[in-house]
J.: 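The structure is given below, and queries will be raised subsequently.
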Amino acid sequence: SAVERPRPRPPQRRRGGTAAAPEARHAALALTSAAAASGAGQMRSGASARHNYPSWRLVGVSNAITAVVILCMSLLQVVRRDIAPLCTLGVILVNIITKALKIALWRLAPPAIWRRPAESSRDVERDPGFPSSHTTIMTFIAAYFAFYLRAMCGWSVVEAVLFAAVPSVGMAAARICDEDHTPAQTVGGVFVGAALAKLWALSVTALLGADALARGEPAPWAMVLVVFAVGLPMFVWPLPVKVARHMQRSAARRLHLASGPGGGAGAGDEAAGAPAGVGAR
């Protein structure tokens with residue numbers, strides 16, 4: 001009829017189709033590229049997650065060193081009553097001083113100094129890491145015994161320095177490897193521990209005489225028992241808590257690796273397959 005709208009001509013339909021085909025292909029390519037980038041990002045995040053969880057073997061190094069030191073100090077309480085109780089009493093004081101120093105730096109210093117690594121099992125915002133307590137205490141024990149061996153047994157300066165350096169550096173390396181402290185925090189622990197050991201040795205000689213470290217007189221058994229009863233729980237109790245924490249993190253790591261990267265790959269495949277269907281249509 002005269003009022004009926006004419007039907008579109010075939011050439012116009014062909015021109016419209018030829019014009020839309022490149023746009024569809026470009027859209028399909030863009031979606032495919034986005035899906036591929038998403039899959040690559042998920043693979044990188046999976047690799048990052050694997051990196052962000054330290055191996056339980058590395059985590060166990062510092063805990064094992066701590067346990068060995070506690071055992072040795074416990075035995076020395078009985079075998080060498082002339083040095084071990086005084087050293088353990090100093091360790092108790094150093095532990096208190098280190099915690100106070102951490103809190104002070106947490107409140108006053110920039111976060112770059114006290115914040116633990118992001119991979120740490122601790123609360124990186126509320127549990128400051130400068131200085132490393134493990135490294136500080138280990139250095140204190142090693143340096144104080146080095147002063148004792150130099151005074152009592154006549155060790156040379158080189159021998160005393162090596163005796164103090166080996167366990168201190170070992171503990172610092174262990175704390176870095178299990179990603180609980182930064183290198184700067186462990187280096188700070190070494191210097192703080194050495195300084196406190198020297199200060200404690202001077203305090204002992206000032207209170208008990210200039211030859212207190214060289215006399216080798218055993219401390220009274222009452223002092224040994226009191227120091228042992230106070231110091232042992234302070235350092236033994238955190239160990240099972242840390243082991244339980246790391247076991248929980250290992251379980252979370254296995255769950256993350258089992259679900260995260262595989263699920264991401266499947267999602268990426270589905271996203272990559274959808275644009276291909278659009279392009280085919």
J.: Which pairs would a plain distance check flag for residues 165-172, meaning a side-chain donor or acceptor within less than 3.5 Å of a matching protein atom at least two apart in sequence or in another chain?
T.:
residue	atom	partner	partner atom	Å
Ser168	OG	Thr139	OG1	3.3
Ser168	OG	Ala164	O	2.7

J.: Please check if Leu208 and Val91 belong to a single hydrophobic cluster, counting links between Ile, Leu, Val, Met, Phe, Trp and Tyr side chain heavy atoms closer than 4.5 Å.
T.: yes
J.: State plainly whether one hydrophobic cluster holds both Leu105 and Val187, where clusters connect Ile, Leu, Val, Met, Phe, Trp and Tyr through side-chain heavy atoms under 4.5 angstrom apart.
T.: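 Leu105 does not cluster with Val187.
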J.: Evaluate the side-chain proximity of Thr182 to Pro117: yes if any heavy-atom separation is below 4.5 Å, no if none is.
T.: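 A side-chain contact exists here, since the closest heavy-atom pair is under 4.5 Å.
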J.: Where do Pro128 and Arg126 come nearest, in terms of heavy atoms and distance?
T.: CD-O, 3.5 Å
J.: If I take atom OG from residue Ser132 and atom NE2 from residue His181, how far apart are they, to the nearest 0.5 angstrom?
T.: 3.5 Å
J.: On a heavy-atom basis, which atom in Gln185 and which in Asp180 lie closest, and how many Å separate them?
T.: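 The pair with the smallest heavy-atom distance is OE1-O, 4.4 Å.
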J.: Quick one: pull up OG1 in Thr136 and CD1 in Ile141 and give me the separation to the nearest 0.5 Å.
T.: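 Thr136 OG1 to Ile141 CD1: 11.0 Å, rounded to 0.5 Å.
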J.: For the pair Tyr144 and Phe140, name the ring-plane relationship: parallel under 30°, tilted 30 to 60°, perpendicular over 60°.
T.: parallel
J.: Are Ile103 and Ile97 joined in one hydrophobic group, where the rule is that I, L, V, M, F, W and Y side chains link up if heavy atoms are under 4.5 Å apart?
T.: no
J.: Looking only at heavy atoms, which two atoms of Pro131 and Lys102 are closest? And how far apart?
T.: O-CE, 2.8 Å
J.: Distance from Asn95 atom CG to Leu196 atom CG, nearest 0.5 Å?
T.: 11.5 Å
J.: Classify the ring geometry of Trp106 against Trp114: parallel below 30°, tilted from 30° to 60°, perpendicular beyond 60°.
T.: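 Taking Trp114 first and then Trp106, their aromatic rings stand perpendicular (interplane angle over 60°).
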J.: Are Phe147 and Val192 grouped together when hydrophobic residues (ILVMFWY) are joined by side-chain heavy atoms under 4.5 angstrom apart?
T.: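 Result: yes, single cluster for both.
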J.: Report yes or no: do Ile83 and Val94 belong to one cluster of Ile/Leu/Val/Met/Phe/Trp/Tyr joined by side chain heavy-atom distances under 4.5 Å?
T.: yes
J.: If you look at every heavy atom in Trp155 and Ala160, which pair is closest and at what distance?
T.: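 Minimum heavy-atom separation between Trp155 and Ala160: CE3-N, 4.2 Å.
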J.: Determine the minimum heavy-atom distance between Asp127 and Arg116, stating which atoms define it.
T.: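 For Asp127 and Arg116, the tightest heavy-atom pair comes out as O-NE, 2.9 Å.
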J.: Is the backbone of Leu89 close enough, under 3.5 Å, to the side chain of Trp200 for a donor and an acceptor to pair up by distance?
T.: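 Pair absent, no side-chain N/O of Trp200 close to backbone of Leu89.
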J.: Go through the structure and list residues passing salt bridge (Lys or Arg N to Asp or Glu O under 4.0 Å) with Arg115, not counting sequence neighbours.
T.: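 Listed in chain order: Glu125.
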J.: Taking all heavy atoms of Ile113 and all of Phe130, pick out the closest pair and write down the distance.
T.: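 Looks like O-CB, 3.5 Å.
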J.: Between CG of Leu93 and OG1 of Thr98, what distance do you get to the nearest 0.5 Å?
T.: 10.5 Å
